[in-house]
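For reference, the structure is listed below as structure tokens.
Hydrogens, waters and symmetry mates are skipped; everything else that's a heavy atom, side chains included, is used.
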Amino acid sequence: MCLGIPGRVLELRDEAGLRMATVDFGGVRREVCLDYTPGAGIGSYVVVHVGFAITEVDESEAQRTLGALRAMADAVETELGEPLP
């Protein structure tokens with residue numbers, strides 16, 4: 001099963017030529033590569049799969065999806081390595 005989780009971009013930086021960001025997934029923060037989402041900036045919501053942002057989404061869609069994922073706690077914990085708060 002593939003799982004993409006929406007999160008909000010908190011900060012941007014360049015690491016060895018890669019666009020990287022700290023992304024907040026409703027309380028869990030992870031480092032994410034933004035190279036596939038060149039339009040994403042601070043405050044943007046992105047869908048992340050295995051450490052790569054693969055698309056942008058609006059805030060309401062991100063919140064709706066996070067709510068559904070909280071209901072599937074085992075799947076989220078497997079993907080992020082810890083449960084959403």
Side-chain angles (χ1 to χ4, degrees):
M1 175 173 104
C2 294
L3 183 61
I5 300 178
R8 184 172 176 263
V9 176
L10 299 178
E11 62 180 52
L12 300 170
R13 69 191 155 285
D14 182 279
E15 288 185 16
L18 294 174
R19 263 183 99 227
M20 299 297 292
T22 300
V23 176
D24 179 68
F25 300 93
V28 175
R29 293 181 178 184
R30 293 286 182 261
E31 300 308 306
V32 172
C33 179
L34 295 182
D35 273 359
Y36 299 136
T37 54
I42 294 174
S44 295
Y45 285 83
V46 292
V47 174
V48 177
H49 176 65
V50 294
F52 291 86
I54 56 175
T55 192
E56 290 183 66
V57 293
D58 64 33
E59 182 177 5
S60 63
E61 178 65 18
Q63 295 302 328
R64 186 186 71 76
T65 302
L66 281 171
L69 290 172
R70 282 186 181 97
M72 302 183 315
D74 290 339
V76 173
E77 186 169 353
T78 298
E79 183 68 13
L80 292 179
E82 63 185 277
L84 289 173

Please tell me whether [X] and [Y] are part of a single hydrophobic cluster in this structure, the criterion being side-chain heavy atoms less than 4.5 Å apart.
X	Y	answer
Val9	Val47	no
Val23	Leu3	yes
Val46	Phe52	no

Side-chain donor/acceptor pairs under 3.5 Å, residues 33-42, sequence neighbours excluded:
| from | atom 1 | to | atom 2 | distance (Å) |
| --- | --- | --- | --- | --- |
| Asp35 | OD1 | Arg19 | N | 3.0 |
| Thr37 | OG1 | Leu34 | O | 3.3 |

* Asked: Which other residues belong to the hydrophobic cluster containing Met20, where Ile, Leu, Val, Met, Phe, Trp and Tyr are joined when side-chain heavy atoms lie under 4.5 Å apart, directly or via other members?
  ->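 Hydrophobic cluster check, Met20: joined to Leu18.
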* Heavy-atom check, side chain of Ile5 versus side chain of Leu66, under 4.5 Å ->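 Ile5 vs Leu66: side chains touch.
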* Shortest non-hydrogen separation from Ala21 to Leu12 and the atoms involved ->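 Taking every non-hydrogen atom into account, CB-CD2, 3.9 Å.
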* **Exercise: identify the closest heavy-atom pair between Pro6 and Ala62** =>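 For Pro6 versus Ala62, the nearest heavy atoms are CG-O, 3.5 Å.
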* Asked: Once you round to the nearest 0.5 Å, how far does CD of Gln63 lie from CG of Asp58?
  ->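 Going from the CD atom of Gln63 to the CG atom of Asp58 covers 10.0 Å.
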* Would you give the length of the straight line joining atom CD of Glu11 to atom OG1 of Thr22, rounded to the nearest 0.5 angstrom? =>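 Spacing of CD (Glu11) from OG1 (Thr22) equals 3.5 Å.
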* Should Val48 and Arg30 be marked as a side chain to side chain contact (heavy atoms under 4.5 Å, CB included) after you check the CA-CA gap, both sets of side-chain angles, and the distance that decides it? -> CA-CA 10 Å; Val48 177; Arg30 293 286 182 261; over 6 Å; no
* Where do Thr65 and Tyr45 land on the side chain to side chain contact (heavy atoms under 4.5 Å, CB included) test, with the steps shown first? -> CA-CA 12 Å; Thr65 302; Tyr45 285 83; over 6 Å; no
